[in-house]
There are 2 protein chains.
Amino acid sequence: MPGPIQSLERAAAILRLLAGGERRLGLSDVASSLGLAKGTTHGILRTLQQEGFVEQDPVSGKYQLGAELLRLGNSYLDVHELRARALVWTDDLARSSGEAAYLGVLHQQGVLIVHHVFRPDDSRQVLEVGAMQPLHCTALGKVLSAFDPVAHSEAAEAEWTALTARTLTDPALFEEELALVRARGWGADLEETWDGVASVAAPVYDRRRMPVGAVGVTGAVERVCDAEGVRSRLVAAVRDCARAVSRDLGAGRF
Amino acid sequence: MPGPIQSLERAAAILRLLAGGERRLGLSDVASSLGLAKGTTHGILRTLQQEGFVEQDPVSGKYQLGAELLRLGNSYLDVHELRARALVWTDDLARSSGEAAYLGVLHQQGVLIVHHVFRPDDSRQVLEVGAMQPLHCTALGKVLSAFDPVAHSEAAEAEWTALTARTLTDPALFEEELALVRARGWGADLEETWDGVASVAAPVYDRRRMPVGAVGVTGAVERVCDAEGVRSRLVAAVRDCARAVSRDLGAGRF
DNA sequence: ACGCCCGGTCGACATTGTCGACCCACATCA
DNA sequence: TGATGTGGGTCGACAATGTCGACCGGGCGT
């Protein structure tokens, strides 16, 4: 059976469509967006609803994602070995650096945040676990692009939107930057994603010395950088954390 | 087309199976667990993998849940209106009560946690968003069972496992408890789920005055209770929060 | 009151997923 | 080192299955 299962592909496309559109979508919207017959779309939606993957607003009849996805996404985190190993180390990283710590893995054409430790102060922060970040302008993304060949080719195909004035959008400059990241072993993002925000990240390796993710910190550029660039204390803390997680994964000492 | 789509049901069953088993499962395990032919199972798994819903360990060939589920689960939270409205109020609730605040909705035979605010101290806490809690022994679950008829019937069919010595397992006693919850408008769990831990919760209503969820706080029984039972200050805070969220949802004043 | 739009249903058709036997790689064990 | 069992993956025939487009019925705005 060489071909993938059509109905499943379509169901996945529906879920992605519902995830993309901010608000609820009607049956006809979904059907026309995907070029499917209404009857077909309805059958898939009905099954997805029965399984808890989508919910239907009883008054408007429109569809949205369902709670089962949240439950399964949580189960994904439970099984995730990299995340499990990184929990305690990223906690320490956030504490010692005084900034928010992130753990990301490559997913499709971006970085999926699988763990996020709040900056250790009492400010109100929103959890970004499950969110995606672009490859070309974040520290996590640059590190993955530099060390993981798959991420590198994904980055080449991704959209190069300029999020701030400092975002690199020229592939040649990006390659230069990646060479720098590879040479010194860590990556940075200096106001290339959000104005006033900088981040630093380093790669995490598994027992076969393959890059499997990246850890980093993000914070106000005034705190993260000094006159020389990224504060070396932060760089050291991030790299220490990455090495510790790698060692936990069995990569051995460097 | 009266029947639901078979391949989708099977795919959902596979995902749930992978979510349940703690570790990765092999193709044959999955096939035999669900009573499917290996070829069929492989086709579904391959499609799910291609769509990012499952991942395969390249060395062992075993399967586990995929990252796309985390992304979609996160998108579910983005769309969730109840959660969006409750964000700021639960934050205040945690701050004023000094305990961890939770927002839960009915999902299948349990309470799905859709929002969780850490207890406002510097202790290490794990986020429980996406986790499930039982209906019969938690404050959130009792409140939903008392006010939502669907939750009530689900509770009747759920397993009545005794998690501590104080867990209610007699349906008659549970009904009495629910009557009390309905009468006073809030529910409690005094060491019925974890020893030493108590919780208080109150229902949240939507614009049609239908119960759509519950908010509550959970903490050490010594802090939550005094000689009289649950501290009235906490009960007031929780009920205020529930009313505020309900008002935000359009339920109007009580 | 009319007509449009939308969610939902129905039945015929053939596409599509399913089944079970088969294959190959790897590891185990004698 | 060869026999052997396990486990992931493939193949091709069959018919069960999902798909399509036409068709309802209600709600809403005109």
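Residue numbers begin at 1 in each chain, while the letters A, B, ... track the order of the sequences.
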Nearest whole Å is fine: how far is [N] [atom2] from [X] [atom1]?
X       : N      : atom1 : atom2 : value
B:Asp57 : D:dG9  : CG    : C1'   : 16 Å
B:Asp29 : D:dT6  : CG    : C1'   : 11 Å
A:Ile44 : C:dG17 : CD1   : P     : 10 Å
B:Leu48 : C:dG17 : CG    : C1'   : 14 Å
B:Ile14 : C:dG17 : CD1   : C1'   : 13 Å
B:Leu27 : C:dA25 : CG    : C1'   : 15 Å
B:Arg24 : D:dG7  : CZ    : C1'   : 17 Å
B:Glu9  : D:dT17 : CD    : C1'   : 12 Å

Which nucleotide in the set [options] lies at the smallest distance from any side-chain heavy atom of [X]?
X       : options               : value
B:Ser7  : C:dG8, C:dT18, C:dG7  : C:dT18
A:Tyr63 : D:dT19, C:dG8, C:dC19 : C:dG8
A:Leu36 : C:dC19, C:dG8, D:dC20 : D:dC20
A:Ser28 : C:dG17, C:dC6, C:dT18 : C:dC6
A:Lys62 : D:dT19, D:dT10, C:dG7 : C:dG7

- According to the ring pair (Phe, Tyr, Trp, His ring centres under 6.0 Å) rule, which pairs have a member within residues 48-78 of chain A, sequence neighbours left out?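 Applying ring pair (Phe, Tyr, Trp, His ring centres under 6.0 Å) to every pair that reaches into residues 48-78 of chain A, excluding sequence neighbours, yields A:Tyr76-A:His80.
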- Task: Report yes or no: do A:Ser75 and A:Asp78 form a side-chain donor-acceptor pair below 3.5 Å?
- Result: no
- Item | Distance-only side-chain donor-acceptor flag, B:Gln108 / A:Glu68, under 3.5 Å |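 Yes - a donor-acceptor pair under 3.5 Å links their side chains.
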- Which class fits the ring pair B:His136 and B:Trp160: parallel under 30°, tilted 30 to 60°, perpendicular over 60°? tilted
- Task: Assign each of A:Arg10 and A:Gly61 to its nearest nucleotide of DNA chain C by heavy atoms, then name whichever residue's nucleotide is nearer the 5' end.
- Result: A:Gly61
- Message: Nearest heavy atom decides the nucleotide; on that basis, is B:Ala37 or A:Lys38 closer to the 5' end of DNA chain C?
- Response: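 This one resolves to A:Lys38.
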- Scan A:Gln56 against the nucleic acid and name what it touches under 4.0 Å (heavy atoms): base, sugar-phosphate only, or nothing.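 The residue A:Gln56 makes sugar-phosphate contact but no base contact.
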- Give a yes/no answer on whether the side chain of A:His42 brings an N or O atom under 4.0 Å of OP1 or OP2 in C:dG8. yes
- On DNA chain D, nearest-nucleotide positions of B:Leu25 versus A:Leu8: which is more 5'?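 Closer to the 5' end of DNA chain D: B:Leu25.
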Ignoring hydrogens and angles, write down the donor-acceptor pairs under 3.5 Å from the side chains of residues 4-12 of chain A, residues two or more places apart or on other chains.
from   : atom 1 : to      : atom 2 : distance (Å)
A:Ser7 : OG     : B:Ser7  : OG     : 2.7
A:Glu9 : OE2    : B:Gln50 : NE2    : 3.3

